[in-house]
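Computed from a predicted structure; not experimentally measured. Read the numbers this way: they start at 1 and go in the same order the structure lists the ligands and their atoms.
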Amino acid sequence: MSINTYSTWLDIDLAAITANVSRIKQITNNEVMGVIKANGYGHGALPAAQAAIKGGATWCGVARIEEALALRQAGISCKLLVLGYTPPTKIPDAIDQQIDVTLYNREVTEDYLRFTKFYNGRLFAHVKVETGMGRLGLLPRDVLEFLFWLKGTHIVVNGIFTHFARADAILSESTPNQIMLFNRLLAHLENRKIKPSLVHAANSAAIFNFPDSHYDMVRPGIAIYGISPSKGIQLDDGFKPALSWKARIISVHRSHHDDCVKNKSSYPINNYERIGVIPIGFGDGFRRIIDQEVLVNEKRVKVIGNVSMDHCLVQLENMPDVHIGDEVVLLGKQGNQTITAEEIALRWGTNNYEVVSSIAARLPRIYK
Ligand SMILES: *Cc1c(COP(=O)(O)O)cnc(C)c1O
């Protein structure tokens, strides 16, 4: 057995993130905001931000102010936008750390104005417009008045944006409709000479499917990690997945009759079947779902029984060459076999985003 530092870990190829961002810059010829919310879609927020900036991202987008503050504290100096809600009590921090916030509602903005005046600072903000996502945003008809209201206050509106509900569905009218509503509003604001200077809308799917949504800046998340936004969208060869999820076999045994009962599993273990243990469980974000597969010795092997919190079992009956210490791949490549985020998403009945962003914080991330 070789001596290994970790029994389970993520290999993260930062050069892939850098190259993916450059590719998007090349495709769009626009400013790029690298979206690194949710711990950089599981890849680690700080290294992902650094890699994205290296690839040409001039902005980083996060969901919460805490994520932005952590990046600032770690020395990230690019422009930062909180895409979601910021509690009014955090406005002084946003001003202090030059973090832009999103305005999507009059009531919350009134609170921001109060904190901004009290603090006597200038708050930079982007207005979010609701064009069909049905989540957060001012209705287009309310935006003009909202902008005039803020004119001359301590809140400086730098940008205006919207978010697409279904940009992966190329045949649906949903995104073209959202673009049309947004364009109509932009023209109206332009007429009244109050259009914020930075206009943005496109997430990863829209970057590929709707070039007329690129405006001044694009906001890719999933694609900068080299992962496709959905089944229908194949990223071109310029994109490379950055993340592989690995583990080592920590035990090999032959089972006894009762083992399946102890494991509370529906899997009918044959007596003296050869079984390997890997230290990965639902506490790591590996879903408690039956019929999964992993790669061992460049072959697909079955995960058997229930996944427990810290461990699961793999079927090694026909693999006498597998021993303690051998590498297992849960997501990524081994030899000419690959398990993609798509494959796992299909097994889990979810999307690629959830697969990578739900990988637990306790897994060591190894950057190269
Ligand atoms: C998460 C997010 C993105 C990035 O979306 P992807 O589909 O991962 O590219 C862009 N904009 C907003 C507002 C987001 O919340």
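With hydrogens left out, the protein atom closest to atom 13 (C) of ligand 1 is His163 ND1, 3.6 Å, a heavy atom. At the shortest separation from atom 15 (O) of ligand 1 among protein heavy atoms lies Lys37 NZ, 2.7 Å. When only non-hydrogen protein atoms are considered, atom 8 (O) of ligand 1 lies nearest to Tyr41 OH, 2.5 Å. Nearest to atom 9 (O) of ligand 1 among the protein's heavy atoms is Ser204 OG, 2.5 Å. Nearest protein heavy-atom contact of atom 7 (O) of ligand 1 is Tyr353 OH, 2.6 Å.
Listed by atom number, the atoms of ligand 1 under 4.0 Å from Ile222 heavy atoms are 6 (P), 8 (O), 9 (O). Heavy-atom proximity to Pro220, at under 4.0 Å, picks out these atoms of ligand 1: 9 (O).
Remark: ligand 1 and Val35 share no N or O pair separated by less than 3.5 Å (distance only, no angle test).
In terms of modelled atom types and a separation under 3.5 Å, the side chain of Asp310 and the main chain of Gly281 share no donor-acceptor contact. No donor-acceptor distance shorter than 3.5 angstrom exists from the side chain of Ser228 to the backbone of Leu235, with no hydrogens or angles considered.
Val127 pairs in a side chain to side chain contact (heavy atoms under 4.5 Å, CB included) with only one of the listed residues (Leu189, Thr162, Asn158, Leu138), which is Leu138.
You'll find the ring centres of Tyr215 and Phe182 inside the 6.0 Å limit.
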Test log, rule salt bridge (Lys or Arg N to Asp or Glu O under 4.0 Å), inputs Asp11 and Lys246: CA-CA 7 Å; Asp11 272 337; Lys246 297 180 178 171; 2.9 Å; yes

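Within the structure, the closest approach of Pro229 to ligand 1 does not fall below 4.0 Å when heavy atoms are considered.
The aromatic rings of Trp59 and His126 lie perpendicular to each other, with more than 60° between the two planes, well past the 30° mark.
Both the backbone and the side chain of Arg219 come within 4.0 Å of ligand 1, counting heavy atoms alone.
Residues Thr340 and Leu331 are not in side-chain contact: their nearest non-hydrogen atoms beyond the backbone lie 4.5 Å or more apart.
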